[in-house]
Amino acid sequence: MDSVKGTETPKDPNKGYIALLGWSINAIKAAQKFDRRYVVVAPEWATDFCAANKIPFIAWDFVRINDRSMEIAERLKAEGVDVAIPLFEETVEWSGAINSVLLDNPRMFGQSILFRDKALMKRRAQLGGIRVGIFEEAHEKEDIIRFMKRVNQTLLKLDGDVDDPIHVKAFDKAGCLGHRMIRTVEEIDNIPEEEYPLLMESHLDGWEFAVEAWIHDGKIQFLNISEYVTLGYSVFVPATEELESWRHLITKQIELLIKTFDIQFGLIHPEYFVTADGEMYFGEVAYRPPGFKAFELIERAYGFNAYQASMLVFDPKSTKEEVAAFFPREVVDAKGYAGCFGVYPKRRVVSKLEMPKECIEHPYFESHELTAPAEETVPDRSAFGTHWGLVFFFGDDPIKMRDLLKTQEDLDFYV
């Protein structure tokens with residue numbers, strides 16, 4: 001790494017000193033090429049790697065919240081750190097607690113809990129006048145049955161009509177983890193006891209998309225719209241002209257979100273639905289980098305490093321001029337369209353990775369991070385499941401990109 005090669009960018013003592021919460025090699029590489037001092041706060045297992053690569057490091061167990069939890073904030077404050085940046089869902093609450101000490105703003109911890117607890121998040125959104133579907137918490141199977149019946153009664157379903165599906169999600173997990181679509185009462189039996197309590201939501205028929213917005217001084221500095229081809233499978237940036245035509249309305253919604261959640265700085269990753277009649281519904285919002293390597297896709301499309309962008313807007317010492325000069329113009333400054341596809345094995349038993357010709361021989365194909373299967377039996381997918389790796393594409397036509405990502409769903413990568 002740059003820290004060992006002696007090619008790391010010199011650090012400016014007049015700019016902020018940043019703590020990166022969680023382990024991300026790409027975030028560390030970005031910090032090494034940036035002009036801010038940084039320290040990585042990650043689990044004990046990263047100690048040897050950081051020592052070997054001369055990476056400033058503090059070991060911390062994010063899993064255990066106990067009497068010692070204040071210690072990390074006090075240690076970072078004594079170290080002279082200005083701000084903590086969460087890299088994963090599990091470190092969002094920690095960043096709120098730490099930043100409430102570093103920035104002397106106790107409200108930041110409460111704000112971070114709103115970003116973590118999806119039921120509280122939806123209530124706060126409602127209070128701000130943001131459109132959300134119907135939602136409730138479930139503590140046991142009977143709660144889900146009651147909710148499903150109530151939703152369909154509200155929709156004036158008659159005996160014999162097919163029920164509208166509902167969604168159940170983990171309260172505080174990232175993305176598709178723990179997310180299930182329930183179409184029949186029988187499917188509720190498949191939810192293990194340990195997954196309760198859950199958030200239940202009505203189903204919204206619409207076009208789902210995500211936004212990555214960098215905020216400084218309470219204002220949007222750069223807003224990317226990520227277009228989902230199939231949720232949990234594929235995404236590309238920038239979006240098609242059709243989705244980009246909603247940019248003005250989407251920007252208004254993000255400004256309302258910033259006001260409602262009182263966000264002064266940082267990166268937010270909200271998800272929305274646009275319904276057939278043009279209404280926009282809020283899904284959820286995260287205060288950390290998105291999954292599916294969206295930061296890497298944005299860098300491929302626009303050329304700026306999205307991790308550095310986050311360090312810039314989090315840093316209380318950044319100036320308005322520096323922030324404004326960092327970001328390109330949305331859409332018009334993109335060099336092309338960058339997309340990725342998450343691979344799930346189609347077979348129950350697999351023996352090897354075999355990249356399909358239709359994938360690797362396409363002119364848009366760039367790279368993949370798939371590895372040979374560690375075992376032959378494919379584990380059962382729980383809810384939406386976790387992909388086995390990503391395949392990356394880049395090209396100049398968004399419609400071709402969208403169609404290409406869709407066709408990947410029919411291909412066998414593991415045989």
Side-chain angles (χ1 to χ4, degrees), residues 2-3 7-21 24 26-40 56 80-87 95 99 102-103 210-226 237-239 244 247-248 250-255 257-259 261-270 286-290 293-338 394:
D2 287 3
S3 41
T7 56
E8 185 163 343
T9 301
K11 308 307 177 194
D12 186 340
N14 298 313
K15 293 182 179 179
Y17 183 4
I18 286 154
L20 300 173
L21 303 188
S24 163
N26 285 354
I28 296 167
K29 284 180 177 176
Q32 292 191 345
K33 287 182 169 69
F34 208 37
D35 58 1
R36 266 101 173 140
R37 290 167 296 155
Y38 70 96
V39 60
V40 175
V81 169
D82 293 297
V83 71
I85 301 178
L87 297 177
S95 74
N99 286 333
L102 298 181
L103 300 167
V211 170
E212 289 76 39
W214 282 270
I215 298 153
H216 185 252
D217 204 17
K219 294 181 178 63
I220 299 167
Q221 304 300 319
F222 186 87
L223 189 151
N224 176 69
I225 302 169
S226 290
V237 306
E244 281 291 346
R247 177 172 282 273
H248 176 68
I250 291 167
T251 302
K252 291 277 183 211
Q253 284 296 319
I254 301 300
E255 287 169 348
L257 195 64
I258 289 167
K259 183 183 171 189
F261 283 79
D262 191 23
I263 302 164
Q264 290 304 306
F265 61 85
L267 162 97
I268 57 170
H269 165 59
Y287 196 65
R288 43 97 186 140
K293 298 280 177 82
F295 269 20
E296 288 74 5
L297 296 181
I298 290 167
E299 181 170 8
R300 182 70 184 92
Y302 283 99
F304 75 87
N305 187 292
Y307 292 103
Q308 291 177 354
S310 295
M311 294 173 210
L312 186 66
V313 295
F314 266 93
D315 179 4
K317 293 180 178 172
S318 294
T319 64
K320 284 183 184 180
E321 294 74 22
E322 186 185 15
V323 173
F326 183 90
F327 291 102
R329 294 170 300 167
E330 290 109 332
V331 187
V332 292
D333 283 347
K335 302 185 297 272
Y337 295 85
F394 184 79

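In this chain, numbering begins with 1 at the start of the sequence shown. These numbers come from a predicted model, not from an experiment.
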Any side-chain heavy-atom pair from M311 and Y38 closer than 4.5 angstrom? no
Shortest non-hydrogen contact between R247 and N224, atoms and distance: NH2-CA, 4.5 Å
Hey, mind stepping through Q264 and I215 against side chain to side chain contact (heavy atoms under 4.5 Å, CB included) and telling me if it holds? CA-CA 7 Å; Q264 290 304 306; I215 298 153; over 6 Å; no
Would you sort out whether Q253 and V211 count as a side chain to side chain contact (heavy atoms under 4.5 Å, CB included), showing the intermediate values? CA-CA 11 Å; Q253 284 296 319; V211 170; over 6 Å; no
The reported gap from CG in D315 to NE2 in H216 (rounded to nearest 0.5 angstrom) is 7.5 Å
I need the minimum non-hydrogen distance between P86 and P289, along with the two atoms involved. O-CD, 3.4 Å
Between V313 and F265, what is the shortest heavy-atom contact and its length? O-CB, 3.3 Å
Before you tell me yes or no, could you show the steps for F326 and F222 under ring pair (Phe, Tyr, Trp, His ring centres under 6.0 Å), namely the whole-Å CA-CA distance, both residues' side-chain angles and the distance that decides it to 0.1 Å? CA-CA 10 Å; F326 183 90; F222 186 87; 9.4 Å; no
Okay, side chain of E330, backbone of L223: is any donor-acceptor separation there less than 3.5 Å? yes
Looking at A334 and P238, what are the two nearest heavy atoms and their distance? CB-CG, 3.7 Å
Ring-ring centroid check Y287 F261, cutoff 6.0 Å: no
N14 side chain reached by K317 side chain, heavy atoms, under 4.5 Å: no
For residues 7-20, which residue pairs pass the salt bridge (Lys or Arg N to Asp or Glu O under 4.0 Å) check, not counting sequence neighbours? E8-K11, K15-D35, K15-E322
Output yes when a side-chain donor or acceptor of R288 lies under 3.5 Å from a complementary backbone atom of I85, and no otherwise. no
Using side-chain heavy atoms (C-beta onward) and a distance below 4.5 Å, is E244 in contact with V331? yes
I'd like to know whether F394 forms a ring pair (Phe, Tyr, Trp, His ring centres under 6.0 Å) with Y337, so could you lay out the CA-CA distance, the side-chain angles of the two residues, the decisive distance to 0.1 Å, and finally the verdict. CA-CA 6 Å; F394 184 79; Y337 295 85; 8.3 Å; no
Working note: F34 + I18, criterion side chain to side chain contact (heavy atoms under 4.5 Å, CB included); need CA distance, chi angles, decisive distance, verdict. CA-CA 11 Å; F34 208 37; I18 286 154; 5.7 Å; no
Contacts satisfying salt bridge (Lys or Arg N to Asp or Glu O under 4.0 Å) that involve residues 211-223 (not counting sequence neighbours) are D217-K320
Is a donor on one side and an acceptor on the other found under 3.5 Å between the side chain of S310 and the backbone of A306? yes
Could you check whether S318 and R36, counting side-chain N and O atoms only, form a donor-acceptor pair closer than 3.5 Å? yes
Could you grab the distance from atom CG of L20 to atom CG of L87, nearest 0.5 Å is fine? 5.5 Å
Y307 side chain to E296 backbone, donor-acceptor under 3.5 Å: no
Between S95 and F314, is there a side-chain heavy-atom distance shorter than 4.5 Å? no
Can you confirm whether or not the ring centre of F304 sits under 6.0 Å from the ring centre of F327? yes
Donor-acceptor pair, distance only, cut-off 3.5 Å: does the side chain of N305 make one with the backbone of Q308? yes
If you round to the nearest 0.5 Å, how far is OG of S226 from CD1 of I298? 5.5 Å
Might you work through the side chain to side chain contact (heavy atoms under 4.5 Å, CB included) test for I254 and I268, ending with a clear yes or no? CA-CA 9 Å; I254 301 300; I268 57 170; 4.1 Å; yes
L257 and K259, any side-chain heavy atoms less than 4.5 Å apart: no
Minimum heavy-atom distance G218-I258, with the two atoms named: O-CG2, 3.6 Å
Could you tell me which non-hydrogen atom of V39 sits nearest to which non-hydrogen atom of V81, and how far apart they are? CG1-CG2, 4.0 Å
Determine whether the aromatic ring centres of F295 and W214 lie less than 6.0 Å apart. yes
